[in-house]
*Asks:* 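Okay, here's the structure, questions in a sec.
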Amino acid sequence: MHTQLEGRGKLSQNIEEQFPLKQIIDKNGKLVDETYGNVITAEMARSFYRQMLCMRTFDQKAINLQRQGRIGTYPGFKGQEAAQVGSAMALENDDWMFPTYRDHAASITFGGSYTILSSWKGRIEGNLPPAGKNIVPPSVPIATQLPIATGAAMAGKYKELHQAVIAYFGDGATSEGDFHEGLNFATVFKAPVVFFNQNNQYAISVPVWKQMNSKTIAQKSLAYDMPGVRVDGNDIFAVYYETKKALEKARKGEGPTLIEAVTWRYGAHTTADDPTKYRDQEEENKKHSLNDPLTRLENFMMAEKYWDESWIDSIEKEIKEEIDNAVKAMESMAEPDINDIYDHMFETPTWSIAEQKQAYLEFLRGEAHK
Amino acid sequence: MTTTKTKSMTPVQAINDALRTMLDEREEMVVLGEDVGVNGGVFRATDGLQESFGEERVFDTPLSESGMIGTSIGMAMNGMLPVAEIQFFGFVYPAYEQIMTHATRMRYRSMGEFTVPMVIRAPYGAGVRAPEIHSDSMEALFTHMPGIKVVCPSNAYDAKGLLISAIEDPDPVLFLEPLKLYRAYKDEVPEGKYEVELGKGELINEGEDVTLIAWGAMVPVVKKTAQLAESKGISCDVIDLRTLSPIDKDIIALSVQKTNRCVIVHEAQATGGLGNDIISIINDTSFLYLKSPIERVTGADVHVPFWALEEHFLPTPERVMHSIQKVINF
């Protein structure tokens with residue numbers, strides 16, 4: 001059914017010129033955009049690297065926990081650290097974030113908590129953001145968060161809060177109606193929202209070339225007369241600055257932006273998925289590891305002399321401790337509270353919920369006395 | 001003692017009046033939907049509101065139900081109070097996912113951190129010779145949904161009072177407006193703000209022999225049937241349910257325990273219809289009081305027919321009377 005590349009882009013031949021892949025450092029870590037030469041400091045490079053390393057460690061830990069049966073199914077994000085950390089670093093405290101289930105690096109970086117991990121242990125508490133932080137529970141159905149993010153942005157604009165909203169989604173999501181409805185509303189109402197696409201090139205098993213006939217995702221912005229940007233999603237500086245620009249524009253009342261961050265998902269869709277069924281994992285990952293977001297930043301830092309072995313040793317130790325503590329905290333959580341099944345449906349429970357809860361609790365008490 | 005001034009209004013005027021009253025009171029409230037702005041809605045439910053409150057607060061959306069409900073959810077989460085109009089209930093389906101996966105679930109999945117106080121208004125029902133798909137009454141798709149209330153007035157007074165309560169409610173409410181009754185008759189409606197409590201039905205006729213339960217556009221049908229029955233010496237308790245989720249079980253139990261017989265009338269399809277939940281309530285509360293099986297008069301398990309045959313789909317006083325005879329003569 002699919003014919004790879006043949007006839008693609010006929011109507012948009014120069015589209016890659018119109019949406020060039022923006023880079024600040026290339027895949028060898030060499031600075032290619034000199035305008036940022038004096039802007040990027042050692043401190044910034046170190047904090048970006050530390051956060052990416054922390055997220056990679058977290059992700060690997062989560063996969064290990066799943067393998068050991070200590071959490072349930074988990075969707076890894078290895079390879080997408082620069083896209084998620086870079087974009088989240090660009091947010092201001094009052095901004096809103098609408099992540100998906102694969103965006104824990106983004107939400108944790110934005111000030112979310114490691115308790116998100118507990119949602120993969122079936123705990124609703126994992127969805128809770130720290131008090132006052134506008135991190136919405138991860139969207140599970142694909143692209144449905146995009147109109148909602150637009151609405152949150154419309155409200156911020158109406159109330160003159162000067163907030164921006166960032167909404168995360170993948171390449172597969174651009175095939176859903178809600179992607180188009182969300183983008184259309186955003187431009188019609190000039191909503192301060194940034195649509196941050198992580199094109200990791202696979203929606204479970206379906207590669208992006210089977211997902212769409214368009215060469216890029218950024219070009220889809222044209223249909224809505226929305227600014228669109230294509231950024232190297234493994235270049236954390238490019239991601240950070242492009243997202244920051246888009247967010248600042250949004251806060252100034254200049255409307256939405258679509259950002260396509262081109263990246264790669266090294267692992268499976270989730271721990272329940274086997275990617276060897278649909279791609280040559282070894283070959284593909286070998287190729288993509290030459291473009292790894294952490295290695296690239298490491299090379300940049302080495303060249304700039306920002307790298308220091310004792311520093312890396314100390315952060316590795318810190319990170320390990322941080323993640324171990326997070327796992328400990330998750331594993332020492334109190335038993336789940338049955339009341340949580342019933343008590344958050346309405347502000348005031350309806351009679352049927354109140355009766356069902358009471359009947360079930362009485363049943364349990366009866367069983368306990370048997 | 002002050003007397004509240006009233007005004008004679010049709011149900012659609014009462015809905016307009018409720019929106020106006022609440023737009024006046026709650027500055028975070030917005031009215032949005034397809035053609036609700038300059039045009040004032042295809043049924044004129046929002047007539048004049050944009051003129052009074054401006055385009056920031058009463059606005060047309062793109063023709064996009066999922067987009068409209070999705071953005072309403074986001075607005076509600078960020079402190080606003082959206083009242084969205086689905087032009088016809090039969091066009092709500094593209095928004096079903098937004099309602100089911102987000103509007104009704106946000107409070108639960110964030111443990112109350114994010115809430116969705118919003119109202120979805122939708123004219124529903126058959127009987128006005130409308131084109132295909134414009135006549136659906138799939139309320140049971142939404143009464144089955146956890147996390148949303150479903151309301152359905154049958155007259156102008158309730159329409160205003162219930163809509164105000166729906167707007168004041170801290171959770172999502174689906175507000176179904178019987179389009180057949182929009183301009184059917186007028187009631188005296190108080191000026192200004194008043195509420196009709198959600199979750200409470202109303203006994204609109206008192207009798208001894210049988211309980212008739214209906215809502216929305218079926219209320220005039222059962223009222224007429226009650227008169228017909230009266231002339232045959234059968235007296236009816238008539239319940240206008242008004243809220244379809246949560247159902248007022250006490251009003252049903254109290255009445256059925258008195259009359260010992262019940263006929264439920266709805267225009268929606270029988271299988272999976274709300275009548276079955278009412279039978280469950282009677283089963284749970286009043287089983288031993290019954291003197292006959294409960295009868296349902298409903299649409300058949302078919303799509304609402306093309307309008308040349310719609311009168312054969314909708315319950316009529318004659319069909320309801322037939323069922324009353326059955327429960328009386330059992």
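This is a predicted model, so every value here is computed, not measured. Quick note on labels: first sequence line is chain A, next is B, and so on, each numbered from 1.
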*Asks:* Give me the ring orientation class for A/Tyr101 and A/His269: parallel if the planes are under 30° apart, tilted from 30 to 60°, perpendicular past 60°.
*Replies:*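 Answer is perpendicular, since the angle exceeds 60°.
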*Asks:* Mind ranking B/Met68, B/His102, B/Glu56 by heavy-atom pairs under 4.5 Å with chain A and telling me who comes out on top?
*Replies:*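 Greatest number of close heavy-atom pairs with chain A: B/His102.
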*Asks:* State the CD-CD1 distance between B/Glu202 and B/Ile251, to the nearest 0.5 angstrom.
*Replies:*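 If I round to the nearest 0.5 Å, the distance is 7.5 Å.
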*Asks:* Go through the atoms of A/Thr144 and report whether side chain, backbone, both or neither lie under 4.5 Å from a heavy atom of chain B.
*Replies:*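 Contact with chain B involves both backbone and side-chain atoms of A/Thr144.
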*Asks:* Checking B/Asn78 against chain A: side chain, backbone, both or neither under 4.5 Å from a heavy atom?
*Replies:*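 Both backbone and side chain.
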*Asks:* Given the options B/Gly79, B/Pro62, B/Pro170, B/Ala76, which has more heavy-atom pairs under 4.5 Å with chain A than any of the others?
*Replies:*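 Most heavy-atom pairs under 4.5 Å with chain A: B/Pro62.
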*Asks:* Which one, A/Asp178, A/Ile341, A/Thr350, leads in non-hydrogen pairs under 4.5 Å with chain B?
*Replies:*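 When all of A/Asp178, A/Ile341, A/Thr350 are compared, A/Asp178 has the most.
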*Asks:* Under 4.5 Å from any heavy atom of chain B, what part of A/Ile124 do you find: side chain, backbone, both or neither?
*Replies:*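 Both parts, heavy atoms under 4.5 Å.
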*Asks:* Is any side-chain N of the basic residue among A/Asp95 and A/Arg251 closer than 4.0 Å to the acidic one's carboxylate O?
*Replies:*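 Yes, A/Asp95 and A/Arg251 are salt-bridged.
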*Asks:* Would you call the rings of A/Phe169 and A/Phe179 parallel, tilted or perpendicular, taking 30° and 60° as the class edges?
*Replies:*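 It falls in the tilted class, 30° to 60°.
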*Asks:* With a 4.5 angstrom heavy-atom cut-off, which part of A/Glu355 approaches chain B: side chain, backbone, both or neither?
*Replies:*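 Just its side chain gets close to chain B.
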*Asks:* Side chain, backbone, both or neither: which part of A/Asn134 has a non-hydrogen atom closer than 4.5 Å to chain B?
*Replies:*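 For A/Asn134, heavy atoms of backbone and side chain both lie under 4.5 Å from chain B.
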*Asks:* Considering only heavy atoms from C-beta outward, does the side chain of B/Met138 approach that of B/Val92 to under 4.5 Å?
*Replies:*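 The answer is no; the side chains never approach within 4.5 Å.
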*Asks:* Give, as side chain, backbone, both or neither, the part of B/Thr101 having an atom under 4.5 angstrom from any heavy atom of chain A.
*Replies:*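 B/Thr101 touches chain A through side-chain heavy atoms alone.
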*Asks:* Could you go through A/Thr115 and A/Glu125, starting from their C-alpha distance and side-chain angles, then the distance that decides it, and tell me whether this counts as side chain to side chain donor-acceptor pair (under 3.5 Å)?
*Replies:* CA-CA 7 Å; A/Thr115 53; A/Glu125 296 90 335; over 6 Å; no
*Asks:* Using heavy-atom distances under 4.5 Å, tell me whether A/Ile353 contacts chain B through its side chain, its backbone, both, or neither.
*Replies:*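 Contact with chain B is absent: no heavy atom of A/Ile353 under 4.5 Å.
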*Asks:* So, do B/Lys200 and B/Thr243 sit near enough that their side-chain heavy atoms are less than 4.5 Å apart?
*Replies:*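 No, too far: nothing below the 4.5 Å cut-off.
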*Asks:* Below 4.5 Å from any heavy atom of chain A, which atoms of B/Asp60 appear? Answer side chain, backbone, both or neither.
*Replies:*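 Contact with chain A involves the backbone of B/Asp60 alone.
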*Asks:* Of the options B/Leu198, B/Leu244, B/Val119, which is the one that meets B/Lys149 in a side-chain contact (heavy atoms from CB on, under 4.5 Å)?
*Replies:*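 Single side-chain contact (heavy atoms from CB on, under 4.5 Å) partner of B/Lys149 among B/Leu198, B/Leu244, B/Val119: B/Leu198.
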*Asks:* Of the listed residues (B/Glu113, B/Arg105, B/Glu97, B/Lys249), which shares the most heavy-atom pairs with chain A below a 4.5 Å separation?
*Replies:*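 Heavy-atom pair counts peak at B/Lys249.
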*Asks:* Let's go through B/Asp277 and B/Ser280 carefully: what are the C-alpha distance in whole Å and the side-chain angles of both, what is the deciding distance for side chain to side chain donor-acceptor pair (under 3.5 Å) to 0.1 Å, and is it a yes or a no?
*Replies:* CA-CA 5 Å; B/Asp277 288 291; B/Ser280 285; 5.2 Å; no
*Asks:* Side chain, backbone, both or neither: which part of A/Lys157 has a non-hydrogen atom closer than 4.5 Å to chain B?
*Replies:*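 Contact with chain B is absent: no heavy atom of A/Lys157 under 4.5 Å.
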*Asks:* What about the rings of A/Tyr224 and A/Phe195, do their centers lie closer together than 6.0 Å?
*Replies:*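 Judged by ring-centre distance (under 6.0 Å), A/Tyr224 and A/Phe195 do not meet the cut-off.
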*Asks:* Relative to chain B, which segment of A/Val136 carries a heavy atom at a distance below 4.5 Å: side chain, backbone, both, or neither?
*Replies:*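 Both parts, backbone and side chain.
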*Asks:* Hey, are the side chains of A/Gln84 and A/Ile108 touching, using non-hydrogen atoms and a 4.5 Å cut-off?
*Replies:*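 Not in contact.
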*Asks:* Go through the atoms of A/Ile135 and report whether side chain, backbone, both or neither lie under 4.5 Å from a heavy atom of chain B.
*Replies:*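 Answer is backbone: N, CA, C or O of A/Ile135 sit under 4.5 Å from chain B.
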*Asks:* Tell me, side chain or backbone of B/Thr115 under 4.5 Å from chain A's heavy atoms, or both, or neither?
*Replies:*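 When you check distances to chain A, no heavy atom of B/Thr115 falls under 4.5 Å.
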*Asks:* For the interface with chain A, which of B/Ile247, B/Asp171, B/Ile69 has the highest count of heavy-atom pairs at distances below 4.5 Å?
*Replies:*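 When all of B/Ile247, B/Asp171, B/Ile69 are compared, B/Asp171 has the most.
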*Asks:* With only heavy atoms counted, which part of B/Leu81 is less than 4.5 Å from chain A, the side chain, the backbone, both or neither?
*Replies:*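 B/Leu81 has no heavy atom closer than 4.5 Å to chain A.
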*Asks:* Does the plane of the ring in A/Tyr74 sit parallel, tilted or perpendicular to the ring in A/His104? Use 30° and 60° as the thresholds.
*Replies:*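 Ring orientation of A/Tyr74 relative to A/His104: tilted.
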*Asks:* Heavy atoms only, distances under 4.5 angstrom: which of A/Tyr158, A/Phe189, A/Phe98 has the most pairs with chain B? Name it, please.
*Replies:*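 The answer is A/Tyr158.
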*Asks:* Let me know if B/Glu65 has heavy atoms under 4.5 Å from chain A in its side chain, its backbone, both or neither.
*Replies:*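 When you check distances to chain A, only backbone atoms of B/Glu65 fall under 4.5 Å.
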